[in-house]
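This structure is a prediction, so every number in the text was calculated from the model and none was measured.
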Amino acid sequence: MIIKKKSLILCILIISYILTISFFWPYIQLPFTNNSSIGYLSLNSINPLNDTLRFLVFLFPPLLAYLFFLIFFEKKNIEIRSFLNFKIDKNEQDFLNFKDVYWLIILLISYIFFDFLRQDFPNVNYLDSLHDGDYLATFKNLEEYGGFWSSAFTVHGGENIFIVLITDYFLEFSITNFKYILLVVVLLLKFFSIFLAFQLSQLSSSKKSSKIIFFTLLSLFLISLSSFTELNYINIRDLFVLIFFIFLINFYLKKTYLLDSLIISFSAVFGFVFHYDTGVYMHFILFIVLIHLFFTKNIKIFFVLLAAVILNWVILINFFGLSEFKIMFEHFFQIVKNVDYIHGIEYPRPFFSIGDGNDGSRATKTLLFILITGLLTLNFFFSDKKNFTQNEKILLLIFYTYSIISFKNALGRSDGPHIMLSSDWIVILLFLYVFHLFFEEMISKIKINLAKLKNILGFILVILVIYIIDFKKIVNYKNNFVLNKINNDNTFISKDRSEIINLISLEIKDQRCVQNFTGDLSLPYLLGKPNCTIFISPWLASGTNYERKFIDALKQQKVKYIIYNSPIFEVDNIKTSDRLELVNSFIKKNYREILNKDDYVVMSLVK
């Protein structure tokens with residue numbers, strides 16, 4: 001009774017605290033220091049680290065208070081020794097084996113495959129000039145200049161580079177074919193999601209029947225978190241993250257240390273090359289794992305994993321070359337230093353921003369989910385019940401740690417899509433906890449033999465597979481594939497835009513390249529020209545040092561034509577000419593306007 005009363009008091013205190021912090025949210029801020037990069041935050045004299053500080057103040061005091069409550073009031077003691085013994089703490093018969101669910105896996109794979117086959121080919125009426133244009137501009141530069149990062153400065157890393165190279169290798173590059181490859185990547189995400197569900201189903205001491213049901217439900221849930229048609233929680237940047245955690249679970253639960261070390265280190269290293277942010281987060285998790293191995297005195301496994309990480313970096317450097325490697329890191333540090341100044345948007349004020357149309361509801365809900373997930377993680381970690389083994393509890397802590405650090409993306413650019421993309425592991429953990437808290441015990445009471453259970457689940461999946469099959473599209477898939485493969489890029493361009501492109505083409509036809517100075521990244525590709533410099537997203541050359549590099553590149557390449565303005569898109573409605581003041585001043589002094597029509601402006605070098 002006393003404990004319940006204290007629990008109620010703690011609950012009231014936590015609720016009062018988060019409401020208080022939400023009220024004072026705008027006043028929690030750091031002094032603004034201008035690093036000469038221009039974006040929404042810098043124009044409003046807002047420190048990009050404000051939201052990170054607010055997030056930490058919102059989250060950690062309640063978690064620490066609950067931790068204090070568990071230790072000193074509920075007398076939950078943790079056996080430190082058990083966590084300093086890195087050893088297999090689960091019997092083989094307690095694992096969910098592949099043979100237990102292989103028919104269910106086959107049906108789930110069939111489901112995602114038929115879902116893939118029923119998708120319409122990329123919508124020929126839509127071209128995202130920013131996000132699609134990032135790929136298109138990258139391709140043109142790679143095609144013209146060769147190399148990797150030496151040809152194109154991309155905001156995320158190698159993702160844009162590898163996707164377009166894969167497209168060109170297998171299908172020959174076009175807008176339709178590149179969009180088709182993106183669909184294939186989503187198919188891979190769904191495929192790996194099934195095996196992540198299989199691995200996560202191992203994390204409990206439940207009966208095999210409960211694990212089979214959990215695996216089926218979690219698989220369907222994870223599959224739903226990625227989408228062929230729209231942005232969703234799990235997306236292309238998570239490709240290597242899925243592989244990383246599939247084998248990290250294996251690393252902690254089984255004895256295949258060498259293979260797991262090679263794969264998780266490869267996922268982290270190549271994941272960094274593929275997408276900077278998720279790569280950094282995976283390396284942080286690797287660092288935690290290495291520390292755990294060191295303090296548990298598993299020196300042999302420690303050096304195996306460390307050697308695997310070093311080996312993969314050596315292979316990476318040798319594959320791309322040292323010069324490309326150096327340029328990649330130059331780009332990376334430029335992004336780390338400036339991206340929040342360039343792309344940053346303030347995180348909506350919890351509770352008080354609900355209903356104002358600026359993603360306030362999603363922002364508040366996500367913060368609460370992160371806090372609730374943290375409280376549940378601590379609860380399971382200190383629980384006397386045998387829900388999870390010690391290694392499984394460590395994995396839960398690792399998952400939650402990843403979910404916190406990966407949320408940094410949402411604290412940088414805090415719009416709805418980025419908040420959603422940064423909360424994928426939060427919703428996965430919540431699903432896991434809700435199942436174990438509310439459904440596992442209920443399911444365990446149902447007396448049913450495994451064969452009958454698998455037949456019932458299999459029957460349900462068969463119905464889902466049949467429902468999703470589009471026989472007409474399957475029969476015509478080959479013909480549609482051929483037709484779409486040769487689809488002309490012009491089908492993505494409106495009549496008015498086509499006229500402008502023709503006018504610009506006439507002006508610049510004597511040059512092999514054109515430099516884009518707008519947010520309309522697809523325009524050089526549509527003109528059939530590469531950018532003259534690596535700055536395909538020109539505003540990324542933010543800050544005095546990189547602006548001077550941009551100017552030097554314009555001089556060295558003797559760039560004749562610059563697309564100075566386009567009405568299609570500008571990031572946060574801030575023109576590149578306002579972001580890059582030094583470069584803009586150079587252009588104004590050395591170039592003259594030769595075309596101005598419908599807000600498209602092209603400038604030519606003054607001889």
Side-chain angles (χ1 to χ4, degrees), residues 86-113 188-223 241-264 267 289 301 380 385-396 398-399 428-429 431-436 439-462 464-465:
F86 185 83
K87 61 181 181 180
I88 302 303
D89 55 2
K90 197 167 186 173
N91 297 321
E92 188 66 32
Q93 62 266 25
D94 294 326
F95 286 107
L96 182 66
N97 295 314
F98 181 77
K99 66 179 181 180
D100 295 321
V101 292
Y102 75 97
W103 271 114
L104 298 177
I105 290 176
I106 290 171
L107 287 171
L108 287 163
I109 292 174
S110 300
Y111 175 83
I112 63 172
F113 182 67
L188 286 175
L189 289 172
K190 291 180 179 289
F191 176 80
F192 287 122
S193 293
I194 294 171
F195 288 94
L196 178 62
F198 177 77
Q199 290 292 74
L200 288 172
S201 300
Q202 312 286 8
L203 303 184
S204 77
S205 303
S206 308
K207 292 181 180 179
K208 191 159 286 188
S209 57
S210 293
K211 288 185 177 181
I212 292 173
I213 292 173
F214 179 64
F215 162 70
T216 307
L217 293 176
L218 183 60
S219 292
L220 292 172
F221 177 69
L222 292 184
I223 287 170
V241 178
L242 294 176
I243 300 171
F244 178 84
F245 280 116
I246 287 170
F247 286 92
L248 185 66
I249 293 170
N250 226 44
F251 183 85
Y252 268 91
L253 299 188
K254 299 186 179 181
K255 293 183 179 180
T256 52
Y257 297 126
L258 178 58
L259 177 63
D260 294 332
S261 295
L262 289 171
I263 296 177
I264 62 178
S267 301
V289 174
I301 304 173
F380 278 110
K385 297 179 181 179
K386 302 299 181 181
N387 301 83
F388 300 100
T389 66
Q390 300 293 15
N391 282 343
E392 289 169 347
K393 288 179 179 181
I394 291 171
L395 282 169
L396 293 179
I398 287 173
F399 297 149
I428 293 171
L429 277 176
F431 187 94
L432 186 150
Y433 291 153
V434 167
F435 179 86
H436 285 294
F439 297 102
E440 183 180 19
E441 186 175 347
M442 179 181 68
I443 291 171
S444 65
K445 292 178 180 178
I446 301 174
K447 295 182 179 180
I448 183 172
N449 64 61
L450 288 179
K452 190 173 182 180
L453 174 63
K454 286 186 276 189
N455 288 336
I456 293 172
L457 294 173
F459 178 73
I460 294 171
L461 291 178
V462 166
L464 289 175
V465 170

Look at atom CZ of Phe113 and say whether more than 12 heavy atoms of other residues, nucleotides or ligands are closer to it than 6.0 Å. no
CG-CG distance between Leu432 and Leu217, expressed to the nearest 0.5 angstrom: 12.0 Å
Considering all heavy atoms of both residues, which atom of Phe95 and which atom of Leu253 are nearest to each other, and what is their separation? CZ-O, 3.4 Å
Looking at every non-hydrogen atom in both residues, tell me the closest pair between Lys190 and Ile223 and how far apart they are. NZ-O, 2.7 Å
Could you tell me the separation between the CD1 atom of Ile249 and the CD1 atom of Ile264, rounded to the nearest 0.5 Å? 11.0 Å
For a side-chain contact (heavy atoms from CB on, under 4.5 Å) check, start with the C-alpha distance between Phe214 and Phe431, then their side-chain angles and the critical distance, and finish with the verdict. CA-CA 10 Å; Phe214 179 64; Phe431 187 94; 3.9 Å; yes
Considering non-hydrogen atoms only, spot the tightest contact between Ser193 and Leu242 and give its length. OG-CD1, 4.0 Å
Distance-minimising heavy-atom pair for Leu96 and Phe198: O-CZ, 3.2 Å
Less than 4.5 Å apart, any side-chain heavy atom of Ile428 and any of Phe399? no
Tell me, which pairs form a salt bridge (Lys or Arg N to Asp or Glu O under 4.0 Å) where one or both residues lie in residues 100-112, sequence neighbours left out? Asp100-Lys208
Could you tell me if the side chain of Phe195 sits less than 4.5 Å from the side chain of Ile105, heavy atoms only? yes
Donor-acceptor pair, Lys454 side chain versus Ile212 backbone, under 3.5 Å? no
Tell me the closest heavy-atom pair linking His436 and Phe380, and the distance in Å. CB-CZ, 4.1 Å
Residues that Ile106 engages under side chain to side chain contact (heavy atoms under 4.5 Å, CB included), provided they are two or more places apart: Tyr102, Trp103, Ser110
For Ser219, all residues meeting side chain to side chain contact (heavy atoms under 4.5 Å, CB included), sequence neighbours excluded: Leu108, Ile194, Ala197, Phe215
CD1 of Ile263 to CZ of Phe244: how many Å apart, nearest 0.5 Å? 12.0 Å
Phe98 CZ to Leu104 CG distance, which is reported to the nearest 0.5 Å: 10.5 Å
Approximate separation, where rounding is to 0.5 Å, of Leu450 CG and Lys207 NZ: 10.5 Å
Of all heavy-atom pairs between Gln202 and Glu392, which one has the smallest distance, and what is that distance? O-OE2, 2.9 Å
Determine, step by step, whether Phe459 and Asn455 satisfy the side-chain contact (heavy atoms from CB on, under 4.5 Å) criterion, reporting the C-alpha distance in whole Å, the side-chain angles of both residues, the deciding distance to 0.1 Å, and the verdict. CA-CA 6 Å; Phe459 178 73; Asn455 288 336; over 6 Å; no
Point-to-point distance, once rounded to the nearest 0.5 Å, from CG of Leu220 to CD1 of Ile112: 11.0 Å
From CA spacing to verdict: side-chain contact (heavy atoms from CB on, under 4.5 Å), Ile456, Ile460: CA-CA 6 Å; Ile456 293 172; Ile460 294 171; 4.3 Å; yes
Non-hydrogen side-chain atoms of Leu464 and Leu461 separated by less than 4.5 Å: yes
List the steps and the verdict of side-chain contact (heavy atoms from CB on, under 4.5 Å) for Leu395 and Phe245. CA-CA 10 Å; Leu395 282 169; Phe245 280 116; over 6 Å; no
